[in-house]
Amino acid sequence: MSSIEVKLPDGSVRNYPEGTSSMDVAQDISEGLARNVLAAKVNGVVWDATRTLPQQTNLQLLTWNDTEGKSTFWHSSAHLMAEALEALYPGIKLGIGPPIENGFYYDIDFGEHHFSADEFPKVEAKMMELAKEDNSYVRSEVSKADAIKYFEEKEDPYKLDLISGLNDGEITFYEQGNFVDLCRGPHIPSTGKIKAVKLMLVAGAYWRGDEKNKQLTRIYAITFPKQKELSEYLHMLEEAKKRDHKKLGKELELFTFSEKVGAGLPIWLPKGTAIRERLEKFMRQAQIERGYDQVVTPHIGKKELYVTSGHYDKYGKDSFQPIHTPNENEEFLLKPMNCPHHCEIYKFKPRSYKDLPLRIAEFGTVYRYEQSGELNGLARVRGFTQDDAHLFCTREQIKEEFVNVIDLVMFVFGKLGFDKFTAQISLRDPENKSKYIGSDENWAMAEQSIIEAAAERDLETVTVLGEAAFYGPKLDFMVKDAIGRQWQLGTIQVDYNLPERFELEYVGADNQKHRPVMIHRAPFGSLERFIGILIEHCAGNFPLWLSPEQVVILPISDKFNDYAQKVLKYLKNLDIRGFVDERNEKIGKKIRDAEVNKVPIMLIVGEKETENEEVSVRQHGKGDLGSMKLEEFAGFFNKVLDEN
RNA sequence: GCCGAUGUAGCUCAGGGGUAGAGCGUUUCCUUGGUAAGGAAGAGGUCGUGGGUUCAAUUCCCAUCAUUGGCUCCA
């Protein structure tokens, strides 16, 4: 009787008889684990937990705590929703129903029926009813002919379209209860695991994402193994709404948009500008310490510049159109990128290997004609400022430059309270090398340098093949904000293309001419988007050093305005930003307004304080801290500054 | 760019074929008040813009612009 060998992630090896499934192994380890197993990773591939294992198995049991466990759970939930919809709306045609980052969707052709959000409760109830039946998800391998026959009988054109792209022998169906779907799987063991359901949204989506195709109804939904997790999720969404940077940007008077100025062109109000400038100052300082040279280049450039860079060919027709001058045959473009200008700075004079690495930084404002439907607050705009820099170096220096940029990015994130992040390394698709420019040797070296640099700094990384830009591999930072959402922020990209196009050169130690490598990098990406994310991360409660107004002085009555002004002057001398609320209002009202406006520190001054040269300190969200002498407050202020 | 929703006072929003309303904010006056909203009076709107239907349009229809949710795209 042969047996199979199962190696678990902790390194232990167990032997089981043939026919054992992942679920059996879980059962063998503990009852509790078996209850929680959703799927299994078998030799690196996610499988149904109920499938029997091969002879030699590296096994990782997946639960709700694993990303893959979650997506399997949601994928199965999509089938459950389809089952419910089919029961409620006989004759509907099904498109695709994949899991997504938060939940899943299913694209449905409802025929004549116009499905609306009012019908959500009905569907949710049906799903819960079917979930309670605790039906197993059963996998079966089907021949292409049988698969086609099945869906022809069901008259589902979308599934038939999908099958036509599949090879015979690789087609599987999954069945639960009365529902059968074409599906690669894997799935959770049974519907009973799904304990909470919420339909989120209906939206239109074209079949296969092509607007020439029919528009289907896409239903977004999310499910959980516990009711409590659903409530937590809904609570998080509410929290996200409260933090929305578009809402806070208006309330805190940070920025605005104007129809007259134009869509996607943010206007920075004084308080928002204060934050921006502080961020710029902070970044400039950090860069100067790391050997960057700051430069300034114009907002426009001649068309030829972008023809040389290649941007004109690739993006010219989707950009703001050229500006024509009074003289004939002159055309200028709003700059969509800073790099062409920086290449010209490189070319200003002959460069020696001794000049490298050359690090050129600019807060460069660029303009891109983003599609109208894509514009979104500060997250997607048509004019924005990058904290851009280009590093010109030798091939051998790539790794060290990456390490330096990684250090800079980690320093910046730390200072701004983004302490959870991962890095994504994007390499080229080894199957399709022709898509990329540059020699194999250069690519190998750059990719290796990035991998090593990330390892050297112990970055938690995900490597994705085929995600590199056509001109070089890259590393992107993904940060998690205070309420658990992921954002892509800083980026570092190797570029072999522009040095080629601009014919950049340096003289090597061998007295020969060589081509430098260019690295694009932007820790914030764009200041606009970054501030948007920062607003949502801190819910408008900026760290003290960034806060537009750090302190507000609140006189009890106008008798104490003079003393309040004196305190303000004292603070200004210490480089503390503040103002006096001299309005004819009661102290309760002034405090409330300051709290609502998220001013970090309130100083209340009345008779006692005036007599004793004191201030009564109150911190946003924390309440009354008692009174202090002015010098004492200065110390307290610096302590709070250091804390964040 | 495509599909849907929305657009009324500085802000948040109600209303509805007969030229508009609330709360907050703002202004003036009263009040000089000790840790999250003191009182009174006033000002403020061609109901996003342009057409059309109608005796009459802010309301209905069309177009357009903007915002927003999706889709697609992203140097």
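Each chain gets a letter, A, B and so on, in the order the sequences are listed, and its residues count up from 1. Scope of the values below: all heavy atoms of this structure, side chains included, with no hydrogens, waters or symmetry mates.
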Chemist: Applying salt bridge (Lys or Arg N to Asp or Glu O under 4.0 Å), name anything that partners A:D476, two or more places apart in sequence or on another chain.
Modeler: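 For A:D476, the residues satisfying salt bridge (Lys or Arg N to Asp or Glu O under 4.0 Å) (neighbours in sequence not counted) are A:K474.
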Chemist: Taking the P atom in each of B:C60 and B:G10, what is the distance between them to the nearest angstrom?
Modeler: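 That atom pair is separated by 23 Å.
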Chemist: Can you tell me, in whole Å, how much space there is between the C1' of B:U31 and that of B:A14?
Modeler: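 Straight-line distance between the two C1' atoms is 33 Å.
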Chemist: Say you pick atom C1' in B:U54 and the same atom in B:C13; how far apart are they, in whole Å?
Modeler: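 It comes out at 30 Å once rounded to the nearest Å.
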Chemist: Look at atom NZ of A:K271 and say whether more than 12 heavy atoms of other residues, nucleotides or ligands are closer to it than 6.0 Å.
Modeler: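 Counting neighbours around NZ of A:K271, more than 12 heavy atoms of other residues, nucleotides or ligands fall under 6.0 Å, so yes.
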Chemist: Thinking salt bridges, do A:E595 and A:R618 make one under a 4.0 Å N-O criterion?
Modeler: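 Looking at A:R618 together with A:E595, the answer is yes, because their closest N to O distance falls below 4.0 Å.
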Chemist: I'd like to compare against my own output: the B/S/- annotation of nucleotides 66-75 of chain B with a strict under-4.0 Å heavy-atom distance to protein.
Modeler: SSSSBBBBBB
Chemist: Could you tell me whether A:R583 and A:D593 have a side-chain N and a carboxylate O separated by less than 4.0 Å?
Modeler: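 Counted as a salt bridge, because a side-chain N and a carboxylate O are separated by less than 4.0 Å.
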Chemist: Taking the same atom, P, in B:A57 and in B:G52, what whole-Å distance lies between them?
Modeler: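 Straight-line distance between the two P atoms is 11 Å.
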Chemist: Kindly write out the residues that satisfy salt bridge (Lys or Arg N to Asp or Glu O under 4.0 Å) with A:E362, not counting sequence neighbours, or none if the list is empty.
Modeler: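 In terms of salt bridge (Lys or Arg N to Asp or Glu O under 4.0 Å), with neighbours along the sequence ignored, A:E362 is linked to A:K335.
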Chemist: Please name all residues satisfying side chain to side chain contact (heavy atoms under 4.5 Å, CB included) with A:A203, sequence neighbours left out, ordered by chain then number.
Modeler: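 A:A203: side chain to side chain contact (heavy atoms under 4.5 Å, CB included) contacts with A:Y220.
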Chemist: Evaluate the ring planes of A:Y89 and A:F115, with Trp represented by its six-membered ring, and classify them as parallel (under 30°), tilted (30 to 60°) or perpendicular (over 60°).
Modeler: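 Judged by the thresholds at 30° and 60°, the geometry between A:Y89 and A:F115 is perpendicular.
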Chemist: So what does A:I591 hit on the nucleic acid, given a heavy-atom distance under 4.0 Å: a base, only sugar-phosphate, or nothing?
Modeler: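 Touches a base.
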Chemist: According to salt bridge (Lys or Arg N to Asp or Glu O under 4.0 Å), who are the partners of A:R380, at least two apart in sequence or on a separate chain?
Modeler: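 For A:R380 the salt bridge (Lys or Arg N to Asp or Glu O under 4.0 Å) partners, ignoring immediate neighbours, are A:E370, A:E374.
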Chemist: Between the protein and nucleotides 10-12 of chain B, which nitrogen or oxygen pairs come in under 3.5 angstrom?
Modeler:
| unit_1 | atom_1 | unit_2 | atom_2 | d |
| --- | --- | --- | --- | --- |
| B:U12 | OP1 | A:K250 | NZ | 3.1 |

Chemist: Among all residues two or more places apart in sequence or in another chain, which pass the side chain to side chain contact (heavy atoms under 4.5 Å, CB included) test with A:D624?
Modeler: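 Partners of A:D624 by the side chain to side chain contact (heavy atoms under 4.5 Å, CB included) criterion, ordered by chain and then number, come out as A:S616.
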Chemist: Determine the Euclidean distance between corresponding C1' atoms of B:U58 and B:G45; express it in Å to zero decimal places.
Modeler: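 Taking atom C1' in both B:G45 and B:U58, they lie 11 Å apart.
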Chemist: Flag the pair A:E401 and A:R521 as a salt bridge only when some basic side-chain nitrogen lies within less than 4.0 angstrom of an acidic carboxylate oxygen.
Modeler: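 No salt bridge links A:E401 with A:R521.
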Chemist: Should the pair A:E238-A:K241 be classified as a salt bridge under the 4.0 Å nitrogen-to-oxygen rule?
Modeler: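 Salt bridge between A:E238 and A:K241, a charged N being under 4.0 Å from a carboxylate O: no.
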Chemist: Nucleotide by nucleotide, 5' to 3', does protein get under 4.0 Å of the base (B), only the sugar-phosphate (S), or neither (-) in nucleotides 22-30 of chain B, counting heavy atoms?
Modeler: ---S----B
Chemist: Let's test your reading of the pairing rules: Watson-Crick or G-U wobble, both distances under 3.5 Å, then write RNA chain B as a dot-bracket string with ( ), [ ], | and dots.
Modeler: (((((((..((((....[..)))).(((((.......))))).....(((((..]....))))))))))))....
Chemist: Using 30° and 60° as the class boundaries, would you call the ring planes of A:Y306 and A:H311 parallel, tilted or perpendicular?
Modeler: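 Correct class here is tilted.
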Chemist: Under 3.5 Å between N/O atoms: give me all the protein pairs with nucleotides 39-46 of chain B, atom names plus distance.
Modeler:
none

Chemist: With sequence neighbours excluded, what pairs up with A:Q386 under the side chain to side chain contact (heavy atoms under 4.5 Å, CB included) test?
Modeler: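 If we apply the side chain to side chain contact (heavy atoms under 4.5 Å, CB included) test to A:Q386, skipping adjacent residues, the hits are A:N338, A:V366, A:R368, A:F384, A:D388.
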Chemist: Going from NZ on A:K629 to CD on A:E609, what distance comes out if it is rounded to the nearest 0.5 angstrom?
Modeler: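 The distance works out to 10.5 Å.
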Chemist: So A:F421 and A:F477, would you call those rings parallel, tilted or perpendicular, with 30° and 60° as cut-offs?
Modeler: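 Perpendicular.
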Chemist: Classify the angle between the aromatic ring planes of A:F392 and A:Y346 as parallel (below 30°), tilted (30 to 60°) or perpendicular (above 60°).
Modeler: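 Geometry flag for A:Y346 against A:F392: tilted rings.
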Chemist: Does anything in residues 595-608 of chain A reach RNA chain B, meaning a heavy atom under 4.0 Å, and if so which residues?
Modeler: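 Here the set is A:E595, A:I604, A:G606, A:E607, A:K608.
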Chemist: Among A:V567, A:V617, A:L625, which residue satisfies the side-chain contact (heavy atoms from CB on, under 4.5 Å) criterion with A:F633?
Modeler: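 Answer after filtering A:V567, A:V617, A:L625: A:V617.
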Chemist: I'd like the P distance from B:U12 over to B:U68, given in whole Å.
Modeler: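 Rounded to whole Å, the distance is 12 Å.
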Chemist: Rounding to an integer number of angstrom, what distance separates B:G38 and B:U32 when you compare their P atoms?
Modeler: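 Taking atom P in both B:G38 and B:U32, they lie 15 Å apart.
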Chemist: Is A:R382 positioned over the aromatic face of A:Y367, cation under 6.0 angstrom from the ring centre and no more than 45 degrees off axis?
Modeler: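 Relative to the ring axis of A:Y367, which defines the angle, A:R382 lies outside at least one limit.
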Chemist: Say you pick atom P in B:G1 and the same atom in B:A63; how far apart are they, in whole Å?
Modeler: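 Going atom to atom, P in each nucleotide, I get 15 Å.
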